[in-house]
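Everything quoted here is computed from the prediction, not taken from an experiment. Proteins get letters first, then strands, A, B, ... in listed order; numbering begins at 1 in each.
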Protein chains: 2
Amino acid sequence: MDSDNDSPFGYDAYRRTCPSHTVLEMLASKWVYLTVCALRRGRMRNGELARKLEGITPKMLTQTLRVLERDGLVRREIFPVIPPRVEYELTDLGRNLAGLLNQIRSWSEEHAPDIKAARTRASMDPQADIATLG
Amino acid sequence: MDSDNDSPFGYDAYRRTCPSHTVLEMLASKWVYLTVCALRRGRMRNGELARKLEGITPKMLTQTLRVLERDGLVRREIFPVIPPRVEYELTDLGRNLAGLLNQIRSWSEEHAPDIKAARTRASMDPQADIATLG
DNA sequence: CGGTATCCCGGCCGATACTG
DNA sequence: CAGTATCGGCCGGGATACCG
């Protein structure tokens, strides 16, 4: 989808065939990144996760975990006891994704300051015209 | 935001302080990935981009490019001629981002099949219960 | 040609309440 | 404890029309 030929970059083709889209779409979900990071430390109960991901609602917690489970990144284990006990952990694939997150994080730490700086400049620019007029 | 201590992963703190969020939020935008990929080949006119990014509306094209410009990833050059002529190109930072996109793409090509497979299994599973009952 | 301006819809996500 | 159910707001993004 980037270095092949000079054919068009249709979004539909991108969505259906480009592997990057699958991954980026996942990472775009609001709680996915934080959830994977939280689970990097190891197996965890639902309640522990809820506390770690502070501010998350039960609905979003479940929804996020279900998606990650469906995609093979998280394994869910149910203990048939009262009161209920459910534990989550990263699969190999999930830990592998965490590796990609590290790469993203590494790039971001190095370059996010440049982006922030550009944003600041951009928001100053309307003034800059005036400032240079004196 | 992942390997430091065991403090909570609040979304607010993530959004305001974690560099990854800045980047992932950008990449989550529908046309950003494709636009950066399109611009990798070099400087291009607005019309060329519009044709390459097939299906994009003028509004989204402009909006995407403005964001990328604001963030210092794309440079915009205006030629004061009639009819108007505007060209876009990646900045150093933009080309650098393309490098990250390569890493993401590389990971995705390697692992997206596993994700797809997991999804297929997940959608089969309700049947699996039945299939194993005979 | 290279954009704006406007309208509008679908879906993500939050808040809240309820259940086994 | 670990979820589900329901309602509703916000907003990203598509369609369309207009402008210098």
**Q** Listing time: all N or O pairs from protein to nucleotides 6-11 of chain C that are below 3.5 Å?
**A**
none

**Q** Round to a whole Å and report the spacing from CD of B/Glu25 to P of C/dC12.
**A**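 It works out to 17 Å between those atoms.
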**Q** With axes from five pairs an end, tell me the bend angle of the helix from C/dC1-D/dG20 to C/dG20-D/dC1, nearest 10°.
**A** 40°
**Q** For A/Asn46 and A/Arg76, does a side-chain donor sit closer than 3.5 Å to a side-chain acceptor?
**A**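 No pair is found: no donor N or O on one side chain lies under 3.5 Å from an acceptor on the other.
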**Q** Report the C-alpha distance between B/Arg75 and B/Glu77 in whole Å, list the side-chain angles of each, state the deciding distance to 0.1 Å, and finish with yes or no for salt bridge (charged side-chain N to carboxylate O under 4.0 Å, His left out).
**A** CA-CA 7 Å; B/Arg75 187 169 21 250; B/Glu77 187 169 0; over 6 Å; no
**Q** In terms of hydrophobic clusters joined by side-chain contacts under 4.5 Å, are B/Leu65 and B/Phe79 together?
**A** no
**Q** Would one find a side-chain N or O of B/Arg45 under 4.0 angstrom from OP1 or OP2 of C/dG3?
**A**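 No, outside the criterion.
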**Q** Over all heavy atoms of both residues, which pair between B/Arg51 and A/Pro8 is shortest? Give the atoms and the distance, please.
**A**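 Smallest interatomic distance, heavy atoms only, reads O-CB, 4.3 Å.
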**Q** Any protein N or O atoms within reach of nucleotides 18-20 of chain C? Criterion: under 3.5 Å, listing atom names and distances.
**A**
none

**Q** Without placing hydrogens or testing angles, list every side-chain donor-acceptor pair under 3.5 Å for residues 18-29 of chain A, not counting sequence neighbours.
**A**
{"from": "A/Ser20", "atom 1": "OG", "to": "B/Tyr33", "atom 2": "OH", "distance (Å)": "3.0"}
{"from": "A/His21", "atom 1": "NE2", "to": "A/Tyr11", "atom 2": "OH", "distance (Å)": "3.0"}

**Q** In whole Å, what is the span from the CG atom of B/Asp12 to the C1' atom of C/dG14?
**A**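 After rounding, the reported distance stands at 14 Å.
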**Q** Under the ring-ring contact (aromatic ring centres under 6.0 Å, His included) definition, can you give me all pairs with a residue in residues 88-114 of chain B, not counting sequence neighbours?
**A** B/Trp107-B/His111
**Q** Below 4.0 angstrom from OP1 or OP2 of C/dG2, is there any side-chain N or O of B/Arg85?
**A**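 Result: no.
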**Q** Please state how far atom CE in B/Met60 lies from atom P in C/dT4, giving the value in whole angstrom units.
**A**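 It is 13 Å, rounded to the nearest whole Å.
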**Q** Any idea which heavy atoms bring A/Leu49 and A/Leu61 closest together, and the distance?
**A**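 Closest approach of A/Leu49 to A/Leu61: CB-CD1, 4.3 Å.
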**Q** Can you tell me how far C1' of C/dG3 sits from CD of B/Glu77, to the nearest Å?
**A**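 Those two atoms, CD and C1', are 18 Å apart.
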**Q** Provide, to the nearest angstrom, the distance between the CG atom belonging to A/Leu53 and the P atom belonging to C/dG14.
**A** 11 Å
**Q** Can you name the closest pair of heavy atoms from B/Leu93 and B/Leu73 and give their distance?
**A**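 The answer is CG-CD2, 3.6 Å.
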**Q** Check whether any side-chain nitrogen or oxygen of B/Arg66 sits under 4.0 Å from OP1 or OP2 of C/dG2, and answer yes or no.
**A** no
**Q** May I ask you to evaluate whether B/Tyr88 reaches the phosphate of C/dG3, defined as a side-chain N or O under 4.0 Å from OP1 or OP2?
**A** yes
**Q** For a 4.0 angstrom threshold against heavy atoms of chain B, report the outermost contacting nucleotides of DNA chain D in 5' to 3' order.
**A**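 Nucleotide range with atoms under 4.0 Å of chain B: D/dG13 to D/dG20.
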